[in-house]
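A quick note: this is a predicted structure, and the numbers were derived from the prediction, not measured.
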Amino acid sequence: MRAREEADTSTDALVAALTEAFDRSAHRTRAGLAPSPRLVKGSRNSLWDVISRLRAQARHEILSLDDTAYLIARGVPDSIQRRGPATLRDALDRGVAVRQVTSRAGLLADRELGAIVYRAGGKARVVPKIPVKLSVLDRRVVVRALDSTVLADGFQIMHDPALAARLVGIHRELWRAGTEPDADAAGLPPHLKAVLPALASGQPDNIAARYLGISARSYSRRVCELLTLLGVQTRFQAGAEAARRGWL
């Protein structure tokens, strides 16, 4: 319970810091001290065309707050999901540093996709929760998801130097507070790692099973196995116990 309360407190502080940063940027825009954000909406493929071009222009560094678990909840198609890690791997190949802060649930959900590219040469840290999806490219361009979760449903591009600097600072603070990716869910068998974020997302079994590429019956069996491993009887209790162990 104490670990969960501390995680909630740290998340609240993160949300407050991000809210203040974006509010100050909006004030600077209204005062004519920063350019207006560019709103980008459209089909998911057209949105990712824009993101791909932005990331292709990065020369030094891409910092981000990422949570792959959101892709499960929003039902983003596999073809769109794969475009994100591809652009980051291309950046790594060009010598661009990629530093991602993700959540425990996001890391578990990412087991198959590889959107957190620390195994491909990038670096990552894990914190309890990611409240907003955003990136800072070369410490000057900010990309923020409109719905706070996935870029594939629309985003803003912002060229406010003060905002970029503040977000770099927040990212640095999270990086220092985070843990190495391989330190999380170390006691969870590999075949159950993908089940936990799917279970936590609240998706119906048939949808979660389809996302994982298994039958609904197999998914149900794995959920039962997870409950047994955690020593609980209900899915709600499984979520609470996983959070207590720092897996969500």
Once you round to the nearest 0.5 Å, how far does [atom1] of [X] lie from [atom2] of [Y]?
X: Cys224; Y: Arg235; atom1: SG; atom2: CZ; value: 7.5 Å
X: Leu54; Y: Thr87; atom1: CG; atom2: OG1; value: 10.0 Å
X: Asp12; Y: Lys129; atom1: CG; atom2: NZ; value: 9.0 Å

Inset, instruction - Apply side chain to side chain contact (heavy atoms under 4.5 Å, CB included) to the pair Val127 and Leu14, showing each step before the final yes or no. - result: CA-CA 11 Å; Val127 297; Leu14 174 58; 5.6 Å; no
Is there a continuous path of hydrophobic side-chain contacts, each under 4.5 Å between heavy atoms, that joins [X] to [Y]?
X: Val142; Y: Ile157; answer: no
X: Leu63; Y: Ile51; answer: no
X: Leu47; Y: Met158; answer: no
X: Leu134; Y: Leu163; answer: yes
X: Leu137; Y: Val168; answer: no

Mind listing the closest non-hydrogen atom pair of [X] and [Y] along with its distance?
X: Ser103; Y: Pro128; value: CB-O, 3.8 Å
X: Leu92; Y: Ala120; value: CD1-O, 3.6 Å
X: Arg89; Y: Gly114; value: NH1-O, 4.4 Å

Legend entry - Connected-component partners of Val15 among ILVMFWY, side-chain separation under 4.5 Å: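 Result for Val15 is none, singleton.
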Salt-bridge present ([X], [Y]; N to O < 4.0 Å):
X: Asp138; Y: Arg59; value: no
X: Asp160; Y: Arg28; value: yes
X: Glu225; Y: Arg221; value: no
X: Arg217; Y: Asp205; value: no

Legend entry - Whether over 12 other heavy atoms sit under 6.0 Å from Arg125 CZ: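 Above 12, so yes.
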Inset, instruction - Taking atom CZ of Arg24 as the centre, report whether more than 12 heavy atoms of other residues, nucleotides or ligands fall under 6.0 Å from it. - result: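 No, not enclosed.
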Please check this pair: side chain of [X] against backbone of [Y], looking for a donor-acceptor N/O pair closer than 3.5 Å.
X: Asp110; Y: Ala115; answer: yes
X: Tyr70; Y: Ile130; answer: yes
X: Ser25; Y: Ala21; answer: no
X: His171; Y: Ser64; answer: yes
X: Gln100; Y: Val117; answer: yes
X: Ser220; Y: Ala216; answer: no
X: Glu20; Y: Ala16; answer: no
X: Arg83; Y: Asn45; answer: yes
X: Ser46; Y: Gly42; answer: no

Inset, instruction - Check the pair Thr102 / Asp67 against side chain to side chain donor-acceptor pair (under 3.5 Å), numbers first and verdict last. - result: CA-CA 5 Å; Thr102 189; Asp67 195 325; 5.0 Å; no
Legend entry - Ring-face cation of Arg144 near Phe22 (centre distance under 6.0 Å, axis angle within 45°):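 Satisfied, under 6.0 Å and within 45°.
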So, do [X] and [Y] sit near enough that their side-chain heavy atoms are less than 4.5 Å apart?
X: Phe155; Y: Leu39; result: no
X: Val141; Y: His159; result: yes
X: Pro131; Y: Leu18; result: yes
X: Val40; Y: Gln156; result: no
X: Ser135; Y: Arg55; result: yes
X: Val232; Y: Leu226; result: no
X: Val98; Y: Lys123; result: no
X: Leu107; Y: Tyr118; result: yes

Inset, instruction - Take Leu146 and Lys41 through the side chain to side chain contact (heavy atoms under 4.5 Å, CB included) test and state the conclusion after the steps. - result: CA-CA 9 Å; Leu146 289 179; Lys41 300 183 73 174; 3.9 Å; yes
Inset, instruction - State which residue, out of Leu196, Leu227, Leu199, Val195, fulfils the side chain to side chain contact (heavy atoms under 4.5 Å, CB included) condition with Arg222. - result: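 That would be Val195; it is the only one of Leu196, Leu227, Leu199, Val195 passing the side chain to side chain contact (heavy atoms under 4.5 Å, CB included) with Arg222.
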Legend entry - Qualifying residues under side-chain contact (heavy atoms from CB on, under 4.5 Å), relative to Ala17, sequence neighbours excluded: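 So Ala17 forms a side-chain contact (heavy atoms from CB on, under 4.5 Å) with Arg166, Ile170.
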